[in-house]
Amino acid sequence: MRMSSMFSRTLREAPAGADCKGYEYLLRAGYIKQMGAGIFSLLPLGFRSITKIQEIVRQEMNRIGGQEILMPLVNPADIWKETGRYYSIDKEMARFKDRVGRDMVLAMTHEEAVTDIARGEIDSYKRLPLTVYQIQTKFRDDPRPRAGLIRVREFTMKDSYSFDRDQAGLEKIYNEHYNAYFRIFSRCGLPCISVASDSGMMGGKIAHEYMYLSPIGEDTIITCKKCGYTANKQVAAFKKDYYPEDMKEIEKVETPEAKTIESLASYLNIQPEKTCKAVFMVGSFISDKTGEEEDKLIVALIRGDMEVEENKLQHAARANELRPAHEEEITACGMVPGFASPIGAKGNFICIVDDSVAKSNNLVAGANEAGYHFLNTNFGRDFQGTVADIASAKSGYKCPHCGAPLESSKGVEIGNIFQLGTKYSEAMNCYFQDEDGKQKPVIMGCYGIGIGRLLACLAEEYNDENGLKLPIAVAPYQVHLVSLLKDNSIADGIYEELQSEGIEVLYEDRKESAGVKFADADLIGIPIRITLGNRSLKDGNVEVKLRGTGETTSYSIEGLGKQIRQEIAKEQKKMDDAIVEKYL
């Protein structure tokens, strides 16, 4: 490709809203262009990189027996109603009616669609196991798109789906995906870790996420360096200290203006772990009687030295969504904000009790009267509720396995895998006849990779003060040929020679200054740069520079194509040698 014919162009300054370096350089180098909030076009350079990433993904999915299909972005709402997700997913799902009034959706993911296909294709155990995948557009109306391709509304995903007759089969293909994902990310050159995660709206009991550790990430990853424990903060556990003792008589005491744990502990001269904190949320539920969505107050009780992890609370309460409660919703159940507890409260609410409260005695809790608290409150005697781990892990807490201090870091989710089990097959009547003649639900798994997000993370990982420096496996071109000659006839010949050797070349043939050409070459970040200058050509040489390391070498112009092919092979071998193999 000649730069003089390139559809996109480079920018000297970062556009407004470029909130991280990778995003800034993808914009400035002409890889992507924003059309709206969370909606981007891939320009020629970006499209070539995405195509290379997709090919790596295809190869690894084919390697584990996946068969590529393509399902529609537009789905009839009926299949989403079968699983209930049409009602449980809120505004993130785009809904509309077609011209005859039928409910339709833009698919955020394709569990319903693939199960609809599978129930018409799978009728016997002889048809199992099966794995299919697609690379397809998704739409999720994210309320907070950010960081370019990191968090968008329209995106391209590789999503695969496995169908098995039993749990052992699911675990086998799950492990194969687990390792295939490490190979994919390694082949692209992106470092990552896997962490135990929440299954979220997908359902199922076992899930893992693949995280690119970066300060720009929104996920918090909890890790233990001693034993290797890793988990997303949403589900991370930690070893808690409990304070059991003989129960004392409950006592009401005056605590003026002690509306916070800090002020309460200070006023009573006690440690925060001797208090019971009430956190109020409102959960969204589907009514068993009407099938309609309804809100219900949730009272989360946790010891005062800890914080509630909302994701854990949502699961414990089995709510579809959570939001902070309004003051009038709390008082309607007979509780007083700042001095609240479920003791003596009336009304329709759910009480979830962290095990730190359930296993510690004689805690201070609100008396539901302004300016007063109860001393010596005890779970089981003074209040009831569902006991669950709803505490949020953080650095310094004890590892649940070895007791060593935990650490936290930020990360970007680049892939996820889920053991779905029979959640979708039972809901959508996807059954097969087993050897014993009985009808059984198909056992399913699903596995996703965000293709655009992967490119965004690569741009974040591989850059310097001058621009991108993408690995050779995913760079849009292998070689950037920069001519500083007034007469481009020699450069044209080299361009043709390189192409004849099967080398992907971006040819800088514009009538621009050397400074502009070098600045754009650094910005675009092609791995190998060949510079044709008058001085080196007099000696029959060209300058070859590696963008990743800055290493510069002179090559003879004779047989240049074959020499550059060897250089490309060296760069690729470095990546191949770094491929990660990991198993559960």
Side-chain angles (χ1 to χ4, degrees), residues 57 61 64 66-95 103-122 127-142 154-165 167 169-171 173-174 176-178 181 197-210 286 315 320-321 413 415-432 440-451:
V57 170
M61 287 298 99
I64 62 173
Q67 302 176 61
E68 188 168 6
I69 63 173
L70 187 63
M71 293 177 280
L73 169 63
V74 177
N75 289 186
D78 288 347
I79 59 175
W80 289 77
K81 291 176 181 178
E82 286 185 66
T83 63
R85 291 208 296 178
Y86 182 82
Y87 308 103
S88 63
I89 297 174
D90 197 28
K91 296 177 182 178
E92 284 189 340
M93 178 184 285
R95 300 165 171 84
D103 289 329
M104 310 292 284
V105 304
L106 296 184
M108 308 163 61
T109 181
H110 278 77
E111 284 76 24
E112 282 81 359
V114 78
T115 307
D116 181 55
I117 297 171
R119 63 184 171 185
E121 300 292 332
I122 300 171
R127 297 274 290 141
L128 298 170
L130 289 170
T131 299
V132 296
Y133 73 94
Q134 65 171 351
I135 298 175
Q136 166 66 304
T137 301
K138 305 281 193 290
F139 184 83
R140 183 173 299 172
D141 199 2
D142 195 304
E154 180 180 310
F155 54 98
T156 300
M157 177 180 282
K158 185 289 299 179
D159 45 320
S160 52
Y161 304 89
S162 63
F163 304 90
D164 285 276
R165 60 186 293 189
Q167 182 64 24
L170 170 59
E171 290 175 1
I173 190 63
Y174 189 86
E176 288 174 357
H177 273 87
Y178 183 89
Y181 274 32
S197 68
D198 175 48
S199 58
M201 70 174 185
M202 299 300 182
K205 296 182 178 179
I206 298 176
H208 286 82
E209 292 171 336
Y210 294 78
I286 301 299
H315 279 284
N320 294 326
E321 286 189 320
E413 179 191 336
N416 47 47
I417 55 178
F418 304 90
Q419 291 189 23
L420 298 175
T422 61
K423 172 182 171 68
Y424 295 91
S425 54
E426 288 185 331
M428 298 184 68
N429 198 33
C430 181
Y431 283 72
F432 71 97
K440 298 178 181 178
V442 174
I443 311 295
M444 293 176 57
C446 70
Y447 320 85
I449 290 177
I451 304 294

Given the rule in the side-chain contact (heavy atoms from CB on, under 4.5 Å) test, do Ile451 and Met157 qualify, once you have shown the distances and angles that lead to the verdict? CA-CA 5 Å; Ile451 304 294; Met157 177 180 282; 5.8 Å; no
Taking it one step at a time, do Gln67 and Leu130 satisfy side-chain contact (heavy atoms from CB on, under 4.5 Å)? CA-CA 8 Å; Gln67 302 176 61; Leu130 289 170; 3.9 Å; yes
Derivation of the salt bridge (Lys or Arg N to Asp or Glu O under 4.0 Å) call for Arg119 and Glu82: CA-CA 13 Å; Arg119 63 184 171 185; Glu82 286 185 66; 2.9 Å; yes
Can you list the steps and then say if Glu111 with Arg85 is a side-chain contact (heavy atoms from CB on, under 4.5 Å)? CA-CA 10 Å; Glu111 284 76 24; Arg85 291 208 296 178; 3.0 Å; yes
Could you go through the side-chain contact (heavy atoms from CB on, under 4.5 Å) check for Glu154 and Thr137 one step at a time? CA-CA 7 Å; Glu154 180 180 310; Thr137 301; 3.7 Å; yes
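Counting heavy atoms from C-beta outward, Phe155 and Arg140 have side chains that approach closer than 4.5 Å. The shortest side-chain heavy-atom distance between Val114 and Phe163 falls under the 4.5 Å cut-off. In this structure the side chain of Met61 reaches within 4.5 angstrom of the side chain of Lys158, judged on heavy atoms. In this structure, the side chains of Val442 and Tyr424 stay at 4.5 Å or more apart for every pair of heavy atoms. Between Phe139 and Met108 there is no side-chain heavy-atom pair separated by less than 4.5 Å. Under the 4.5 Å side-chain criterion, counting only non-hydrogen atoms from C-beta, Asp164 is not in contact with Leu128.
With hydrogens and angles left out, the side-chain atoms of Glu171 and Gln419 include no donor and acceptor closer than 3.5 Å. Checked by atom type, the side-chain pair Tyr181/His208 shows no donor-acceptor distance below 3.5 Å. Side-chain contact annotation: Ser162 with Tyr447, donor-acceptor N/O pair under 3.5 Å present. Side chains of Gln136 and Asp159: a donor-acceptor N/O pair is absent below 3.5 angstrom, by distance only. There is no side-chain donor-acceptor pair under 3.5 Å between Asn429 and Tyr431.
Atoms CZ and CD1, from Arg165 and Ile122 in turn, are 12.5 Å apart once rounded to the nearest 0.5 Å. Taken from CD1 in Ile449 to OH in Tyr133, the straight-line distance is 11.5 Å, to the nearest 0.5 Å. Here CG of Asn416 is found 7.0 Å from SG of Cys446. Values are rounded to the nearest 0.5 Å. Note that CG of Leu73 is 10.5 Å distant from CE of Met104, once rounded to the nearest 0.5 Å. The distance from atom CD1 of Ile69 to atom CD1 of Ile117, rounded to the nearest 0.5 Å, is 5.0 Å.
Under a cutoff of 6.0 Å and an axis angle of 45°, Arg95 and Tyr86 form a cation-pi pair.
Nearest approach of Leu70 to Ile135, heavy atoms of both residues: CD1-O, 4.0 Å. Considering all non-hydrogen atoms of both residues, Met428 and Ile79 come closest at CE-CB, 3.9 Å. Closest approach of Arg127 to Glu121, counting heavy atoms only: NE-O, 3.0 Å. Nearest heavy atoms, Ala207 versus Phe418: CB-CD2, 3.5 Å. Taking every heavy atom of both residues into account, His177 and Ser160 meet most closely at NE2-OG, 2.9 Å. Closest approach of Ala113 and Asn75 over heavy atoms only: CB-OD1, 3.9 Å.
Looking only at distances, no side-chain donor or acceptor of Thr131 sits under 3.5 Å from a matching main-chain atom of Gly66. Of the possible donor and acceptor atoms, one in the side chain of Tyr161 sits under 3.5 Å from a partner among the backbone N and O of His110. Gln134 places a side-chain N or O within donor-acceptor distance of the main-chain N or O of Met71, the cut-off being under 3.5 Å.
Between Lys91 and Glu321, none of the side-chain N atoms (NZ, or NE/NH1/NH2) sits under 4.0 Å from a carboxylate O, so this pair counts as no salt bridge.
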